[in-house]
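Every heavy atom of this structure was used, including side-chain atoms; hydrogens, water molecules and symmetry mates were not.
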Amino acid sequence: MDANTIAWLILLLPLASAAVILIGTRRAAGVSALISTGSVIVTFVLSLVLLAVPADATAQPLSWLNLGEGLTINIGLLFDDLARGMMIIVTGIGMLVHLFSLGYMKDDDGKARYFAGLSLFMFSMTGIVLADNFVMMFLFWELVGVSSYILIGHWYNKDSAADAAKKAFLVNRIGDFGFMIGILLVWVLTGSIYFDEIAKAVGGVENAGLLNAAVLLVFCGAVGKSAQLPLHVWLPDAMEGPTPVSALIHAATMVAAGVYMLARVSFLLVEAEGAAHAIALVGGLTAFVAALMATQQNDIKRVLAYSTLSQLGYMIMAQGIHHGSEAGMFHLYTHAWFKALLFLGSGAVIYACHHEQDIWKMGGLRTRMPKTFWTFAIGTAALIAVPGTSGFFSKEAILEAAWHDESGFAKVAWALGIAVAFLTPFYMVRLFVVAFLGKPRTDHAEHAKEVGAIMWVPLAVLAAMSLLSPVLMGPLKASGHVAFHLFTPTGLLSLAGLVVGAFFGWKLYTGRDSDPISIPLFANRFYLDDIYQGIVRVFQDFVGLTLDAIDRYAIQPLTTRGPALGALGLGYIFRAFQTGNVQAYAFLFGLGAVIMLWLLVF
């Protein structure tokens, strides 16, 4: 099987799976689940086979549109080292999520629809990864938005799930509008939409201001998809979907798309230095603010959601740092495994505790769910960057790259990253201690039992990858220029953050039945959601009142109420002449005849 066939199969198999389920097997939920799971297993195997393909191999593009003026748009596939590494992440995590879902969703009424949505999501993400041009990437970018809307709102009978799906869809459209304008501007400046051609032409762009504007507009797409400030508000609400969906969205697919896109066009950031500085600063701020929010969340999935926001901030920050793009992608590769582990682990806990998500209603799960406990502990260790875990190597690489960048923006981003290195151990040790240690606080926690093998085996695989991924991802050149030295200011401060943060998390929360710290600003997410809701409410009210006034005082008088009142008034006038008196009728008849004669004569 040649590289061209492999690449097209990887792209089209998930689409075929979704089509077969929706058209043929939707009433057979078990068959639908097996079709979807089988397709993702095959795509993962094919992605492994793709690793053996020479780096300079290309796939035959499919001609799509010829718009004249030298602009031809193809559906073309690119499988260089960057794409192949990302494809392993997408299909590998996707496969484990599918397997976990077989147990988690076994009794769900919409099981077939759920697995069809997963297949559509896999098709969308595969298209982004393999795209060789901006237009194809944008098409699949929007498909990811549609499929995430379907999955987040899977339990659409719940108002909160339906609202979360709409919120994710609409907030992402804001970023995507800027992304679309940025693509058009890049085409105007370079004359191409193809990544290899843009890379050759961007060095010759003379208008630096316009190039920086174009890159910032392209970055808007990443701000939406990868949930950076100020468009981060959709991601925590995406927890309303099934927990495996949370793992898929938060670990390796939707939110990683923005980071991957920036890495794909890193040549633009090299030329647009001002835009790169802004990107690094936005990433650093997102990492810091999201970590603060995580310290006061009580929903186990929301803590992990804000953790995802924070880690994405690290990755975005790296893309804006000189020589930091590879470190950012390395962190994406490692983070995918341990964050998927943590989300699926939280799903196992929620499942065992009868869908309870408040960590203060858990406790004592260490002895009741030992497999989940140990795998979750490994995921936590990787996230807080315990030396030797995958998260340690990739996080340190980002901070080291920021330290060696001489720009002031990079130094600010570095300082924010160091602060996050203190906060992450604190809030994750808090979660771990409250949920797993101590005594059970509710009957659900008291009677929790370990999940079945179909759920804990994926956890074990992810736990192994949380430790071994830096070694296993080495052949993919995922850790290109990401070397660091432990005994430097960066390394020592980072280790100090780990020790201090973990110590305070352990000290403050061991043996507690309620949170000893109350910071409403962090618990209420800096009130940003409330501010946005207020803006939307005011805007809706203003638009509603304006349209009501136009309808009431302009449209109705001219089209409905005005003619109706006119007809009613004429009716009243003519009714006055209907007296029923014969003499009055004779008088009116005579008066009318005289008037007619007068008009005819004069």
Which pairs with one or both residues in residues 263-282 pass side chain to side chain donor-acceptor pair (under 3.5 Å), sequence neighbours excluded?
Asp80-Arg264, Tyr260-Arg264
With Tyr351 via side chain to side chain donor-acceptor pair (under 3.5 Å) - residues at least two apart
none
Please enumerate all residues that pass side chain to side chain donor-acceptor pair (under 3.5 Å) together with Ser494, with sequence neighbours excluded.
Lys395, Glu396
Partner residues of Lys507 under the salt bridge (charged side-chain N to carboxylate O under 4.0 Å, His left out) criterion, sequence neighbours left out
none
Can a side-chain donor-acceptor contact be found between Thr243 and Tyr104 if the only test is distance below 3.5 angstrom?
yes
Just to verify, what does Asn212 make a side chain to side chain donor-acceptor pair (under 3.5 Å) with, not counting sequence neighbours?
none
Asp176-Trp141 side chain donor-acceptor pair, cut-off 3.5 Å:
yes
Between Phe179 and Phe134, what is the ring plane arrangement, given parallel below 30°, perpendicular above 60°, and tilted in between?
perpendicular
Within 45 degrees of the ring normal and closer than 6.0 Å to the centroid, is that where the cationic atom of Lys167 sits relative to Trp234?
no
Which residue pairs pass the side chain to side chain donor-acceptor pair (under 3.5 Å) test with at least one member in residues 428-439, sequence neighbours excluded?
Asn298-Arg430, Arg430-Tyr509, Arg430-Asp515
Residues Leu467 and Thr389: closest non-hydrogen pair is CD2-CG2, 3.9 Å
Taking the six-membered ring for Trp, are Tyr427 and Phe422 closer than 6.0 Å centroid to centroid?
no
Any chance the side chains of His404 and Glu400 put a donor and an acceptor closer than 3.5 Å?
yes
